[in-house]
Every structure is written in C-alpha cells, then in structure tokens.
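For reference, the structure is listed below as structure tokens.
Here, residue 1 is the first one in the sequence, and each next residue gets the next number.
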Amino acid sequence: MPSGGNGVGNGAVNAGTNSGNTPTFKPYRELKTLEGHTAAISCVKFSNDGNLLASASLDKTMILWSATNYSQIHRYEGHSSGISDLAWSSDSHYTCSASDDSTLRIWDARSPYECLKVLRGHTNFVFCVNFNPPSNLIVSGSFDETIRIWEVKTGRCVRVIKAHSMPLTSVHFNRDGSLIVSGSHDGSCKIWDAKEGTCLKTLVDDKSPAVSFAKFSPNEALQLCIWEVYKGIHRTYQQSILHHIRLFCDQRQVHC
C-alpha cells in the first residue's frame with residue numbers, strides 16, 4: 001500500500017508518540033469490502049458530512065453508499081463512457097461526475113437521486129472536477145487542455161481557460177474560492193484567479209515530470225501539496241504539511 005502524505009506507510013498510520021518519544025503506530029483494519037461495480041474503480045470520496053460515500057468507475061456508473069452500514073443506496077447511470085473523477089458539494093447534497101464522454105453531470109445525493117444538469121463544452125475526456133467552497137461553481141479539467149468554470153444553478157459555462165499544453169490531471173479551489181490550482185501532464189502547476197481566469201503563478205520542476213495531483217492546504221495560506229508521477233514523490237511548497245486519509249481501490253472493489 002502506498003504511503004500517505006505524512007510519510008507513514010506499510011499498512012500503518014501514525015497514532016502519536018509515547019513517553020519515550022518513540023513513534024507508535026496503529027495498523028489499518030479493513031471494515032468492509034464494497035462490491036457493485038463491473039469495471040475498474042477510478043475514484044472514491046466521502047461526503048463532507050461523512051455520512052455518504054461515492055465511487056466512480058469505468059463501467060460508466062457512480063454508486064452512492066452509506067458510510068454507516070456500507071449498504072448501496074443508489075446507482076447513478078447516464079454517462080456513455082467511463083467516469084474519471086467525482087466531487088461533493090460542501091453541504092453533501094450534490095455530486096458531480098467527470099467522464100470520458102466529455103461531459104460532467106450534477107446529481108442529487110438525496111431521493112429521488114436525479115441527474116440535475118449535464119455540463120457540455122469540453123472536447124475531450126473530462127478528467128478532474130471540484131466544487132468551490134460555496135458550491136455555486138464547479139471547476140473541471142480536461143484532456144482538451146482547458147479549464148472550464150460552470151455555474152451550478154444553470155449549468156452554464158462561465159469561463160474557459162486555455163490552461164496547459166498537455167492534458168490536465170487536477171483542479172482545486174482554495175479555501176475562499178478565489179484561486180484555482182491546476183496540474184498537468186506538461187509538468188507544471190498553475191495558480192489562477194478564479195474570477196478573472198488569469199494565471200498568477202506557474203510552478204514547474206526543471207525536469208518537468210508529469211504532475212498527477214495538486215491541492216491547496218485547508219488553511220488560508222497559499223500552500224500546495226503536489227504529487228509528481230515519474231519521481232514517485234510528493235513535494236510541499238512553503239513548508240505546509242497535509243494529512244490525507246485515503247481509500248484504496250482493488251480492481252472492482254472498494255476497501256474501507
């Protein structure tokens with residue numbers, strides 16, 4: 001199992017230190033295996049309130065699960081190609097899925113679990129998606145090398161940004177929603193003004209390895225944690241330390 005953002009791996013999480021300043025560890029324990037998808041799982045995320053879990057798959061569906069008893073609540077169908085990413089709204093009432101069919105879909109996470117909007121405009125696979133903190137906007141990144149910002153209420157694309165020279169791998173708003181960070185196969189991370197769509201800063205390694213993921217830290221500082229694919233390492237800018245809880249997928253199963 002890969003190590004987490006705190007550098008602790010090998011099936012254990014850091015549980016603090018004892019009186020002798022020797023790190024103590026608590027082994028991971030599998031609670032449940034969730035089965036339901038018929039192809040590889042691409043993404044698994046808890047809702048912000050912690051009560052729900054959503055999984056997306058190359059089988060073109062997204063499944064909503066209970067995070068308390070691990071039962072399947074609903075299977076969302078509608079995409080014509082596999083789903084690469086999903087995002088939760090801040091209030092945990094909605095999810096948004098990003099698909100290889102070049103669309104995004106906004107789904108109601110409450111009964112009757114309907115598709116509320118289909119967002120069309122990208123011209124290639126949509127690989128990453130996120131809500132802004134108020135959840136009135138959605139940002140998406142695509143293999144068409146653009147970032148698009150969408151209005152949740154209307155489904156209208158309000159801005160298109162020609163962002164990178166290769167496919168995008170991640171997009172994320174900062175805490176107040178004023179900035180967006182994007183990562184790309186072109187080896188760069190860029191920070192964007194969310195309102196104007198202007199590039200404020202470009203972060204690039206001299207050897208330009210592909211960036212698989214970039215995310216702001218939860219605090220107000222402009223701090224980023226960036227994963228680089230080919231180096232197999234993560235770098236943290238401005239000495240910010242991020243702690244990540246991850247669910248790992250094994251083919252068609254979700255392990256919690």
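- The backbone N or O of G183 lies less than 3.5 Å from a partner atom in the side chain of T169, making a donor-acceptor pair.
- The backbone N or O of G36 sits less than 3.5 Å from a side-chain atom of R75, completing a donor-acceptor pair.
- In this structure, D186 and E145 have side chains that are not in contact, with every pair of non-hydrogen atoms separated by 4.5 Å or more.
- Aromatic ring pairs are classed by plane angle as parallel below 30°, tilted from 30° to 60° and perpendicular above 60°; the pair F127 and F143 is tilted.
- Atom CD1 of I73 is separated from atom OG of S66 by 5.0 Å, given to the nearest 0.5 angstrom.
- Taking OG of S99 as the start and CG of L119 as the end, the distance is 12.0 Å to the nearest 0.5 Å.
- Side-chain atoms of N174 come within 3.5 Å of backbone atoms of L179 as a donor-acceptor pair (strictly under, hydrogens ignored).
- The main-chain N or O of T123 is found under 3.5 Å from a side-chain atom of D144 such that the two form a donor-acceptor pair.
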Check the pair D108, Y94 against side chain to side chain contact (heavy atoms under 4.5 Å, CB included), reporting the backbone distance first and the verdict last.
CA-CA 5 Å; D108 199 330; Y94 307 100; 4.2 Å; yes
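- We find the CG-NZ distance between L137 and K153 to be 13.0 Å, quoted to the nearest 0.5 Å.
- With hydrogens and angles disregarded, no donor-acceptor distance shorter than 3.5 Å links the side chain of K190 to the backbone of C199.
- Residues V171 and I161 share a single hydrophobic cluster, defined by chaining ILVMFWY side chains whose heavy atoms lie under 4.5 Å apart.
- In this structure the side chain of H37 reaches within 4.5 angstrom of the side chain of T61, judged on heavy atoms.
- Note: M62 CE to K45 NZ = 11.0 Å, rounded to the nearest 0.5 Å.
- No donor-acceptor pair under 3.5 Å is formed between the side chain of D101 and the backbone N or O of H79.
- Here SG of C43 is found 11.5 Å from CG of L58. Values are rounded to the nearest 0.5 Å.
- F216 and L200 fall within a single hydrophobic cluster, where Ile, Leu, Val, Met, Phe, Trp and Tyr are joined by side-chain heavy atoms under 4.5 Å apart, directly or via other members.
- Ion pairing of D193 with K195 is absent here, as no side-chain N (NZ or NE/NH1/NH2) approaches a carboxylate O to less than 4.0 Å.
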Carefully, step by step, assess F131 and C96 under the rule side chain to side chain contact (heavy atoms under 4.5 Å, CB included).
CA-CA 8 Å; F131 283 88; C96 184; 3.8 Å; yes
Let's go through S188 and T202 carefully: what are the C-alpha distance in whole Å and the side-chain angles of both, what is the deciding distance for side-chain hydrogen bond (donor to acceptor under 3.5 Å, both in side chains) to 0.1 Å, and is it a yes or a no?
CA-CA 7 Å; S188 71; T202 299; over 6 Å; no
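- A donor-acceptor contact shorter than 3.5 Å links the side chain of K162 to the backbone of H164.
- The closest donor-acceptor contact from the side chain of H185 to the backbone of P167 lies at 3.5 Å or more, if one exists at all.
- Linking ILVMFWY residues whenever their side-chain heavy atoms come closer than 4.5 Å, directly or via other members, leaves W88 and V129 in distinct clusters.
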How far apart are the C-alpha atoms of V126 and R148, what are their side-chain angles, what is the distance that settles it, and do they pass the side chain to side chain contact (heavy atoms under 4.5 Å, CB included) test?
CA-CA 10 Å; V126 188; R148 285 180 177 258; over 6 Å; no
Between N132 and V139, is the side chain to side chain contact (heavy atoms under 4.5 Å, CB included) condition met? List the steps.
CA-CA 8 Å; N132 69 341; V139 62; over 6 Å; no
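- No donor-acceptor pair under 3.5 Å is formed between the side chain of T95 and the backbone N or O of A87.
- Residues L34 and L52 fall into different hydrophobic clusters, defined by Ile, Leu, Val, Met, Phe, Trp and Tyr side chains chained together at heavy-atom separations under 4.5 Å.
- Side-chain contact between S97 and W107 is present, with at least one heavy-atom pair separated by less than 4.5 Å.
- Considering only heavy atoms from C-beta on, H74 comes within 4.5 Å of Y76 through its side chain.
- Note: Y70 OH to L31 CG = 4.0 Å, rounded to the nearest 0.5 Å.
- Under the 4.5 Å side-chain contact rule for hydrophobic residues, I138 and I180 do not share a cluster.
- Residues W150 and I106 have side chains not in contact (no heavy-atom distance under 4.5 Å, counting atoms from C-beta outward).
- Not a single donor-acceptor pair under 3.5 Å links the side chain of S92 to the backbone N or O of S47.
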